[in-house]
Protein chains: 2
Amino acid sequence: MLSAAKELNYLKSGPASDLKKNRTKTIALLLSDLSGPFYSELIRGVQEIVLENGYDLIAVSSYADESSTAARFLREARTDGVILLAHNINTDFVLNSAREGFPIIALDREVIGNPNIISISVNNSRGAYEATEHLINSGCRSVAHISGPANSKDSQERLAGYKQALADFNTPSLYKWILNGKFTQEGGYEATKMLIHQGDLPEGIFYGNDEMAIGGLNALKEYEIRVPEDISIIGFDDIQLAPYLRPPLTTMRQPKYEIGKLASHVLFQLLAGESVSSHYTFDAELISRESVRLF
Amino acid sequence: MLSAAKELNYLKSGPASDLKKNRTKTIALLLSDLSGPFYSELIRGVQEIVLENGYDLIAVSSYADESSTAARFLREARTDGVILLAHNINTDFVLNSAREGFPIIALDREVIGNPNIISISVNNSRGAYEATEHLINSGCRSVAHISGPANSKDSQERLAGYKQALADFNTPSLYKWILNGKFTQEGGYEATKMLIHQGDLPEGIFYGNDEMAIGGLNALKEYEIRVPEDISIIGFDDIQLAPYLRPPLTTMRQPKYEIGKLASHVLFQLLAGESVSSHYTFDAELISRESVRLF
DNA sequence: CTGTTAGCGCATTCAC
DNA sequence: GTGAATGCGCTAACAG
């Protein structure tokens, strides 16, 4: 009777099944904006490991802050674990969502003291230091920095690395050469225009990420300032577009694929009850293309 | 007592809540590959409407066919509705997953006869016709076509439009000038190399999508065939990279943002019990850049 | 207005 | 082996 019903088009309810089994066999990747096209490498890394372990992967957006889908997935443990790359969810919220058996891997912040939260980050200050150093070593006697939002840890660290390099190489560190570009293309465009209007153009610009560098490139083109003949620029991230820009963008590559793989790998270790380090670090790598003038 | 527990760090279970309420307030966007970077416009459109309606959006991959996450979300109605853009899930499976009160919006196929499944598509054959026509009108006396997978409806229709244009404009239609590039960059590269090795190069190539055109551009560059001086090429989709290619790619733009908005809009109408058309169509639009030589 | 209770649809257990 | 009963953790309905 019941089996007959099953044969002819039985559709089970996922939620009911999850409730009973107390696990979803699903991992959520929490992103600040689903429509941002720059995570594909990371997603690929995560997806590989998640599928390999017989789990499903869903991507969730934290678009509207704490009322967002992502927040709900965190707070209500709608999956068996979570990989967090959503800087607009605040750390207290994350801490309050942590619970036994619900691993959280944070890729965009350092969370200490909670055994259910592991963080993985790239060495931003070091990467920024190298970017700035590269500009200086290739002949720039002055270097500006277009930074990201002040509340972003990535941005703060990159700014710190930049300043350290200026200090170490006796290069002028001027307030007017540090502008906020909000990590967006538009922001990079505006910040670069401001830099140009100030009159005293530096010989190099270190953009806190590639998106802002794209905006910068557009602003520079508008004013017929040639890259790299008149000014050298360097970005951070190595997004997919970087090699296609004119000129191809020199940048600091983040090993996104590797980070994605490690994040999910660690997640499954936690799910299996194994103990892991509370923090992992990767280095960024200089990808030299044509936006920095070499001597 | 219970309220005291709540105050100090109560974490509710999402699955249990969903079960009780019999709705998730979540819409799933089913994509064939989460790491594909070419959906951002569409996602943006969907996200806007979904959030506006107080719902959450999650993105799910159908990476591993019928055993995939996406398939599970369809089959088990894990969300209140679904937007489908996953050609690797077959239509019978979709039909068998349909149920009352679980709207499915199909963006990559035409599904007829089921009131719970609505399809939205672009007029592929017409777009392909226009692409081919554009090549012919700009002076190409011969036009090849690199197509997508044979089982893709999009690909079939684009091929049909191409053939129709050749017929209408008395342009030679040769079997050797229709090659399969699988809708991937690699496939487009290989197909283009084959075309080159055949010796008798056409004056224009219509690629079934932009990704294959990128591969084609690479192959052409390798053989020092100049675009558009030696050969004109046109793509389909207008992906984000298209204007950044060398030369900037002429292509048929799909109104992805608008499609995303309509898809979610229709979904909510269905959820509200309103009746809607069973099928909607958009037109592709010629975006003229520099990969077609103009006379 | 606060406290108790029934039942959502499954998977698992136990009785048969 | 097949079939009925229990309870997962909530929410909504209801009683006090």
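Computed from a prediction, not measured in an experiment: that's the story for all the values here.
- One atom, NZ of B:Lys25, and another, P of D:dT11, lie 14 Å apart when rounded to the nearest Å.
- Side-chain polar atoms of A:Asn209 and A:Asp237 form no donor-acceptor pair below 3.5 angstrom.
- Between the NZ atom of A:Lys12 and the C1' atom of C:dA11 there is a distance of 9 Å, rounded to whole Å.
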Could you write out each protein N or O paired with an N or O of nucleotides 12-14 of chain C at a distance under 3.5 Å?
none

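- Using a cut-off of 4.0 Å between Lys/Arg side-chain N and Asp/Glu carboxylate O, B:Arg78 and A:Asp18 are scored as salt-bridged.
- Computed from coordinates, the B:Arg99 CZ to C:dG9 C1' distance equals 12 Å when rounded to whole Å.
- One side chain, A:His279 or A:Ser119, offers a donor N or O that lies under 3.5 Å from an acceptor on the other.
- For D:dC10, one of the phosphate oxygens OP1 or OP2 lies less than 4.0 angstrom from a side-chain nitrogen or oxygen of B:Tyr10.
- Atom-to-atom, CZ of B:Arg23 to C1' of D:dA12 comes out at 13 Å; the value is rounded to the nearest Å.
- Atom CZ of B:Phe102 is separated from atom C1' of C:dG9 by 16 Å (rounded to the nearest Å).
- Between B:Glu76 atom CD and C:dC8 atom C1' the separation is 17 Å, expressed in whole Å.
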Please list every donor-acceptor pair under 3.5 Å in which a side-chain atom of residues 110-117 of chain A meets a protein atom from a residue at least two apart or in another chain.
| unit_1 | atom_1 | unit_2 | atom_2 | d |
| --- | --- | --- | --- | --- |
| A:Asn114 | OD1 | A:Asn116 | N | 2.8 |
| A:Asn116 | ND2 | A:Arg99 | O | 3.4 |

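- A close approach under 4.0 Å does not occur between any side-chain nitrogen or oxygen of B:Ser13 and OP1 or OP2 of D:dC10.
- Classification of A:Glu258 and A:Lys261 as a salt-bridged pair fails, no side-chain N sitting under 4.0 Å from a carboxylate O.
- Ion pairing between A:Asp56 and B:Arg72 holds under the 4.0 Å rule for side-chain N and carboxylate O.
- The interatomic distance linking A:Leu19 (CG) with D:dT11 (C1') rounds to 12 Å, in whole Å.
- When the P atom of D:dG7 is taken as reference, atom CG of A:Asn22 falls 16 Å away, rounded to whole Å.
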